[in-house]
A.B. asks: 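What follows is a single structure, and I will ask about it in a moment.
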Amino acid sequence: MSDNSDNSDKPDDFIRKIIRANVAEGLHEGRVHTRFPPEPNGYLQIGHAKAICLNFEVAQEFGGLCNLRFDDTNPEKESEEFVQAIQDDIRWLGFEWDKLCFSSDYFEQLFEWAHRLIEQGMAYVDEQDPDAIKENRGSLTEPGKDSPFRNRPTEESIELFNKMRSGDFQDGAMVLRAKIDMTHPNMNMRDPILYRIKRMHHHRVGDAWPIYPSYDFTHGQSDSIEGITHSLCSLEFEDHRPLYDWFIEKLGIFPSKQTEFSRLNMTYTVVSKRKLRELVDNGLVDGWEDPRMPTIAGMRNRGYPALAIRNFCKTVGITKVPSISDIALLEHSVRDVLNRVAPRRMAIFDPLEIELTNWEQAEVRDLEGAINPEDAEKGLRKIPFGKTLLIEQNDFREEANRKFFRLKLGGEVRLRNAYIIRCDSVVKNPSGNIVKLLCHVDLDTLGKNPEDRKVKGVIHWVNKATAVEATARQLGRLFTEEKPESNPDKHFTEFFDTDSSKETTMLCEPSILDLDYGETCQFERIGYYCRDAIKEADTRSIYFNQTISLKEGSGK
RNA sequence: AGGCCGAUGGUGUAAUGGUAACACUACUGUUUUUGGUACAGUCAUUUGGGGUUCGAAUCCCUAUCGGCCUGCCA
């Protein structure tokens with residue numbers, strides 16, 4: 001008997017259906033082995049999170065394994081920094097790989113396979129220059145033309161290829177190409193390049209290789225070497241599958257099976273590595289880890305919980321439909337998790353002083369408030385309360401209609417976690433601005449409601465004498481347009497929201513100092529904020545990044 | 001234009017030949033010491049047109065729309 005409520009929670013996309021069928025028919029003895037194969041040339045972003053969740057969770061669900069493999073075939077763009085950051089991000093997301101692999105570990109094997117293809121007359125060294133290769137590739141509608149070197153003797157290709165390897169030639173002098181079909185309608189089959197000369201230091205193999213295999217000649221075979229049963233990747237590699245299958249067949253190696261799914265796009269942001277890099281390089285953001293960035297590191301700094309990201313990936317699901325997910329879906333997952341786990345605090349962003357006329361001047365009393373009202377086990381925190389308090393300016397109006405639930409002159413309001421107060425008079429300066437409110441506190445309303453009347457409004461507050469000043473970085477979305485990339489006349493950076501990051505000071509209850517670095521709390525009635533260790537060191541101020549505002553209901 | 005892939009509400013997904021389900025958003029209410037949360041309600045005859053069938057979101061044909069592909073990037 002299966003439990004329904006549990007069942008409805010389990011993702012069941014077309015890829016899992018394929019895998020289940022494969023297991024049922026005994027493919028590879030029912031073994032399931034996946035991998036997450038990033039190139040270490042940038043930071044992981046939300047789209048990678050989708051691929052990470054898919055690969056690692058599928059392996060878990062089918063009792064299989066999942067490798068982390070760096071496809072590091074282009075030393076020009078790759079670095080150890082990214083290798084490290086990517087591992088940190090995956091672990092932070094909550095996953096651990098079975099084997100840590102590098103395609104560069106397979107360079108020797110790949111070289112041998114290339115040799116084999118040459119010997120079998122299925123690859124050749126092409127000495128055309130890059131322009132000629134491009135020219136002869138043809139176009140989408142026209143077939144390509146054979147290279148004049150295409151039918152050179154096998155021995156000649158072998159000799160040249162060996163010399164390429166020993167570093168006898170300059171970059172770009174020649175390439176190794178597969179001999180498939182220059183008229184093939186699929187461009188990837190028009191004698192794709194297998195090896196190119198790049199006399200460049202590689203972050204792992206050092207200077208051992210003056211030639212590097214292309215991604216196409218590396219990726220599929222790396223899967224084969226690792227015994228990957230299900231090679232899951234994004235849609236743009238659909239056209240490459242015939243080529244990978246060609247290598248598998250010609251080389252007679254383990255038949256990993258590729259299945260493609262659509263990559264994740266989101267409104268009000270960009271996710272392509274190239275575009276994120278552009279934001280970083282143009283100084284529009286403070287690097288890959290800027291809390292506005294949809295990178296894993298950025299979201300971590302912003303206070304998004306890993307669980308929220310995993311939940312979000314579950315809700316967008318896995319399909320082949322190119323789609324743009326509403327960022328509100330992600331934000332909902334973030335609020336949903338945070339509401340359950342974030343400790344509560346109170347902070348005033350725009351202070352208005354109130355004086356309690358019937359409270360002893362010297363008396364400061366510690367009141368108590370729930371750390372998290374959704375989770376009583378979290379316990380209580382102490383909140384000092386005294387004669388002079390601070391509330392938000394917009395929580396007070398001299399006159400207001402019935403729809404306004406907060407404090408008005410002559411009206412009552414509940415101070416969160418404290419007493420009900422009544423505003424008796426407004427003190428103004430000579431220019432007519434409100435400087436202070438004189439209020440009466442009903443001492444019989446702590447932890448209970450009066451029986452003779454109903455007070456609907458609740459506002460947050462901070463005791464002035466014990467308030468701790470802190471900096472809040474208010475964070476918005478990266479772009480002002482829902483789809484910054486879809487305007488044919490404008491570059492996406494033109495829609496960058498220059499107001500997306502603003503610093504402001506706030507006054508908080510003292511217990512904010514108990515918050516850990518990286519911990520996200522909820523400032524009640526305001527939103528979620530994450531304490532930032534690096535910024536605190538920089539600014540020498542208690543520092544919080546805004547994670548996300550609370551949802552705003554009607555009226556406020 | 002040639003090849004490949006795809007099309008279900010404003011958004012993301014589900015329904016695999018039996019009469020459109022779930023989540024988000026928005027809007028309405030109820031509860032509430034957070035105008036939050038929770039709870040309840042409202043919002044689509046499945047891109048158009050043909051066909052097969054007792055019956056089609058599902059199968060077939062066709063049109064339209066969208067994505068990807070002409071790096072010695074991945």
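By convention in this document, chain letters (A, B, ...) are assigned in the order of the sequence lines, proteins followed by strands, and residues within each chain are numbered from 1. Please read all numbers here as calculations on a predicted model, not as lab measurements.
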A.B. asks: Just N and O in the side chain of A:Thr315: are any of them under 4.0 Å from OP1 or OP2 of B:C24?
C.D. replies: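 Indeed not, no polar side-chain atom of A:Thr315 lies that close.
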A.B. asks: Among residues at least two apart in sequence or on other chains, which ones pass ring pair (Phe, Tyr, Trp, His ring centres under 6.0 Å) with A:His202?
C.D. replies: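 Listed in chain order: A:Phe107, A:Tyr212.
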A.B. asks: B:U32 phosphate, OP1 or OP2: any side-chain N/O from A:Arg416 under 4.0 angstrom?
C.D. replies: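 The answer is no; no side-chain N or O of A:Arg416 sits under 4.0 Å from OP1 or OP2.
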A.B. asks: Would you indicate, yes or no, if B:U25 has its OP1 or OP2 atom less than 4.0 angstrom from a side-chain nitrogen or oxygen of A:Lys551?
C.D. replies: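 Yes, A:Lys551 has a side-chain N/O under 4.0 Å of OP1/OP2 on B:U25.
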A.B. asks: Is the phosphate of B:U70 approached by A:Arg190 (side-chain N or O, under 4.0 Å from OP1 or OP2)?
C.D. replies: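 It does not, given that no N or O in the side chain of A:Arg190 lies less than 4.0 Å from OP1 or OP2 of B:U70.
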A.B. asks: Taking a pair as Watson-Crick or G-U wobble with both distances under 3.5 Å, which nucleotide is matched to B:G17?
C.D. replies: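 Paired with B:G17, as far as the under-3.5 Å criterion goes, is no nucleotide at all.
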A.B. asks: Report the glycosidic orientation of B:G71: syn if within 90° of 0, anti in every other case.
C.D. replies: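 Syn for B:G71; the angle stays within 90° of 0.
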A.B. asks: Under 4.0 Å between a side-chain N or O of A:Asn41 and OP1 or OP2 of B:C73?
C.D. replies: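 For B:C73, neither OP1 nor OP2 has a side-chain N or O of A:Asn41 closer than 4.0 Å.
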A.B. asks: Measuring from the side chain of A:Lys134 (C-beta onward, heavy atoms only), which nucleotide among B:G71, B:G3, B:U33 has the closest atom?
C.D. replies: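 Of the options given, the side chain of A:Lys134 lies nearest B:G71.
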A.B. asks: Between the side-chain atoms of A:Arg335 and the base atoms of B:G36, is any donor-acceptor pair under 3.5 Å?
C.D. replies: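 Side chain to base: no pair below 3.5 Å.
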A.B. asks: Considering only side-chain heavy atoms of A:Glu236, which listed nucleotide, B:U16, B:A1, B:A74, is closest?
C.D. replies: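 Of B:U16, B:A1, B:A74, B:A74 is nearest to the side chain of A:Glu236.
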A.B. asks: Can you say whether a donor on the side chain of A:Glu260 sits under 3.5 Å from an acceptor on the base of B:G6, or the other way round?
C.D. replies: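 Answer no: no donor N or O sits under 3.5 Å from an acceptor.
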A.B. asks: Could you work out the separation of B:U11 and B:A44 based on their C1' atoms and round it to a whole Å?
C.D. replies: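 After rounding to an integer number of Å, I get 13 Å for this pair.
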A.B. asks: Within the modelled atom types, does a donor on one side and an acceptor on the other bring the side chain of A:Lys448 and the base of B:U33 under 3.5 Å apart?
C.D. replies: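 For A:Lys448, whose side chain was compared with the base of B:U33, there is no donor-acceptor pair (under 3.5 Å).
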A.B. asks: Verify the contact: side-chain N or O of A:Arg137 to OP1 or OP2 of B:G71, cut-off strictly under 4.0 Å; return yes or no.
C.D. replies: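 It does, given that an N or O in the side chain of A:Arg137 lies less than 4.0 Å from OP1 or OP2 of B:G71.
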